[in-house]
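Letters A, B, ... are given to chains in the order of the sequence lines, protein chains preceding strands, and every chain is numbered from 1.
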Amino acid sequence: MGISRRKRKTRRKLEDSESRDIISSLPDELLGKILSCLPTKYAVATTVLSSRWKNLYKHTTTLDFDDSTYLYPRKNLGNGRRNDNASFREFVNKVLGECKSKISKFRLKCGDNIEFYLIHDWINAVFTHKIAEFELSVLDMRIPCVLQLCKLNCENLVVLRLDGELILRVPKSVTFPRLQVLVFKGIMFHGSSSIRFNAYCKSSSDNHSLNGILLGCPLLKELVIEGCDWNGGDLYFTNPLLRSLTFHAGIGGPLDQLNGCTIYMDLPNLVQFNYFECLAEQYEIRNLNSVREAQVDIHFNDDEFEEQDLCDAILDLITGVYCCQSLHLSSQCLEALTSGEFELPIFRNLTQLTLALGYDVSWNDVLLDFLNSSPSLESLTLVQGFLQRWQCSQPDDDEFLIKDEEVPPCVKFRLKFINIKDFRGFKGEMQMIIYFLENANILEEMVLHWDKRKRAKKFAAKEEEILELAKSSESCTIAFK
Amino acid sequence: MASSSSSSLSRVVVKSSDNNLFVVNKKVASQSQLLKQCIDNMEEKGTNDVILIPLSNVTSNILTLVLEYCEKHADFADDDNNNQELKQWDHEFLKKFDYATLNSLTMAADYMVTKSLLNLCCQFIADSIKDLTVQQIRQIFDIKNDFTPQEEADIKNENAWAFR
């Protein structure tokens, strides 16, 4: 209240030459545009402002229905869930029926308490417009439902986001000529027709596979595939304009669908690469030379791989992004890598590197290789990670052996920042710090993040000890977190 | 303000509704589709004169702001439209204005066909009214409620889900 009163006052001063009813001086078309920026719930709520506003929401070009906040109404509230559903259904039906303008964006987020045939009817209704952005997320689906897209649906799409256990059917004749952003979460590309909704379903051989859909998106710039089930098999990523790719196993996706498979990648414009999936058997990477930031986290089952094959597979993937500036490798990556003999590529552009220690891996196995392969490295983050039992009892065993080797050029001449996470102050770790402080001549900052799971009692004494250490870069600061 | 005929290809002169003249670099002016169209048309004719573009709907106060925006965005024209620095600048830029100025800016952006500024203004106004109550919106924008209590109740009833 206080705020609005103040606004009133300041506005009064400016008001002389302006019209009194500030916002209503805008033409309907522009007010419709403003209302299009709001979730439809809020846009329709403006009907109560005045008679002029009563029909303004019919000029919106965006429909955005989000029922997710009402999915789990608090108990003891009196009005039950059934009522909520009914009023949401009524609302969507009414607004869809009344819209006078050309709808270009449609978003529907609801729970599986809305019958899927109804959702399908709504979708069909909005696709009579030329929809450029379409987003559907159905939360907590108990039974997968079939979503059928046809040519009319797809030809104007610029953004398509689907989230929920949907079986997606896209006929083979259909392409996505304008699509730039594609997000699939929890989507299946095969499977029997839904129990609750089985109209329009043809046999799956008439429909695109995931590869087929991707092939039909010549302008694609951003792609997210998370927790999807493409029924296994090789995957092909070859979209020439793609700039960002996130490939994520998610929670729901089957874990074994990349077993024995090859992933092909020819993405000359890819800048951001996030891989959080199972390890495929092999990677054929033709071009990922524009990648700036690569984050790689893998899952694998030891039993499926010979040790050297495991190493070769992850090495293929890492080698594929050798041009990147920032590289993040999870503990599982290092575990796979060290299970065989490996030779790293030269990461000529790499300035930021994050490595997380894996089970049964020590820095002695990997760190020197990475430092020697990264001539431009400026920032290094080491995650000590999971504390193994033998490390708890005999931490002194794990000596930092790299100190006896020749110092890599990047440490001497390039390295400015070092972050060590889950730091515990063990002998090996102390040796590592001494090594970097002694040899990193232009080091600007070292940040040590204490492992919060350890007791903090010994931290203070260690901190004092570390601050006393000799530094070849006098201006270097040491911080503890 | 010293613009000679020889510079007509790199600069244009824009006249506000209150008859002030602004010399604008062509790259900056091109952020407005309206100005760009005028420039393109003149260039097609092969004229070497100074191009004067009168904008009868935009006051010099507002035109200054639109041009400030265009200038910033022209600097980033070759960049990704996802530039974080530019987004931050956009937000800071709009934050300074009261609703009256925002409205005039919205209309000017629409008239001058500066699509990104128009979208920005609409989103900004929408965001700022999203969390307000009906009473607050009426008060801020001086909207007179011309409904009877019964009419108002009927409207709320009709769209019950919107008023939860």
Side-chain angles (χ1 to χ4, degrees), chain A residues 1 3-5 7-8 10-11 13-15 17-27 29-54 57 65 67 69-70 79 83-92 94-95 222 243-244 271, chain B residues 17-18 59 61-62 80-82 97-111 115 118-149 151-164:
Chain A
M1 205 53 182
I3 292 166
S4 44
R5 198 170 282 155
K7 277 205 178 118
R8 237 173 120 84
T10 47
R11 196 176 43 67
K13 283 183 222 154
L14 298 160
E15 200 169 57
S17 60
E18 306 283 347
S19 100
R20 275 192 64 79
D21 185 346
I22 294 178
I23 200 165
S24 303
S25 65
L26 292 172
E29 186 197 328
L30 284 183
L31 287 174
K33 208 168 159 51
I34 291 171
L35 294 181
S36 298
C37 298
L38 289 168
T40 304
K41 174 183 161 64
Y42 295 92
V44 173
T46 62
T47 48
V48 79
L49 286 171
S50 75
S51 54
R52 174 160 184 229
W53 288 77
K54 196 178 169 193
Y57 77 94
F65 302 106
D67 192 36
T69 47
Y70 303 106
N79 54 344
N83 272 338
D84 287 339
N85 293 350
S87 76
F88 180 67
R89 275 195 208 104
E90 223 170 81
F91 182 78
V92 178
K94 179 166 181 288
V95 173
E222 192 186 326
R243 291 176 64 80
S244 166
V271 174
Chain B
S17 62
D18 44 351
T59 63
N61 285 347
I62 297 299
D80 238 332
N81 24 357
N82 252 337
F97 308 132
D98 55 60
Y99 284 108
T101 310
L102 273 176
N103 263 12
S104 310
L105 197 58
T106 309
M107 283 204 271
D110 184 44
Y111 175 64
K115 222 177 154 189
L118 178 61
N119 289 340
L120 189 69
C121 289
C122 289
Q123 186 66 54
F124 192 88
I125 296 173
D127 288 345
S128 57
I129 63 175
K130 188 178 161 186
D131 296 319
L132 301 178
T133 64
V134 168
Q135 277 313 320
Q136 284 169 321
I137 298 177
R138 279 193 193 128
Q139 194 173 23
I140 289 174
F141 295 114
D142 260 348
I143 297 171
K144 242 188 216 102
N145 178 12
D146 52 4
F147 290 125
T148 64
E151 281 172 329
E152 199 172 322
D154 288 347
I155 288 173
K156 285 188 176 178
N157 222 356
E158 254 173 59
N159 299 302
W161 187 78
F163 295 98
R164 286 173 181 283

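With respect to chain B, the highest number of heavy-atom pairs below 4.5 Å among A:Val92, A:Val44, A:Leu49 belongs to A:Leu49.
The number of heavy-atom neighbours closer than 6.0 Å to CD of B:Glu151, taken from other residues, nucleotides and ligands shown, is above 12. In A:Lys94, the NZ atom is crowded: over 12 heavy atoms of neighbouring residues, nucleotides or ligands sit closer than 6.0 Å.
Here the straight-line distance linking atom CG of A:Leu30 with atom CG of B:Asp110 works out to 4.5 Å at 0.5 Å rounding. Once rounded to the nearest 0.5 Å, the distance linking OH of A:Tyr42 with CG of B:Asp127 reads 11.0 Å. Rounded to the nearest 0.5 angstrom, B:Phe147 CZ and A:Thr47 OG1 are separated by 7.0 Å. In this structure, the separation between CG on B:Asn103 and CD1 on A:Ile34 is 6.5 Å, given to the nearest 0.5 Å. To the nearest 0.5 angstrom, A:Leu35 atom CG is 6.5 Å from B:Ile129 atom CD1.
A search for ring pair (Phe, Tyr, Trp, His ring centres under 6.0 Å) contacts involving B:Phe124 returns B:His91, not counting sequence neighbours. Considering only residues two or more places apart in sequence or on other chains, B:Glu152 meets the salt bridge (Lys or Arg N to Asp or Glu O under 4.0 Å) condition with B:Arg138.
Interface remark: B:Gln135 contributes no atoms to any contact with chain A (heavy atom separation under 4.5 Å). When heavy atoms are compared at a cutoff of 4.5 Å, B:Asn145 approaches chain A by way of both its backbone and its side chain. Of the two parts of B:Lys156, only the side chain, counted from C-beta on, holds a non-hydrogen atom closer than 4.5 Å to a non-hydrogen atom of chain A.
Here the closest non-hydrogen pair linking A:Ser50 and B:Lys144 is CB-O, 3.3 Å. A:Trp53 approaches B:Ile143 most closely through the heavy-atom pair NE1-CD1, 3.7 Å. In this structure, A:Lys41 and B:Ala162 approach most closely via the heavy-atom pair O-CB, 3.5 Å.
Two residues are said to be in side-chain contact when any heavy atoms from C-beta on lie closer than 4.5 Å; B:Lys130 and A:Cys37 fail this criterion.
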Under the side-chain hydrogen bond (donor to acceptor under 3.5 Å, both in side chains) criterion, do A:Lys33 and B:Asn119 qualify, and how do the steps go?
CA-CA 8 Å; A:Lys33 208 168 159 51; B:Asn119 289 340; 2.9 Å; yes

Worked check of side-chain contact (heavy atoms from CB on, under 4.5 Å) between B:Trp161 and A:Asp67
CA-CA 10 Å; B:Trp161 187 78; A:Asp67 192 36; 3.5 Å; yes

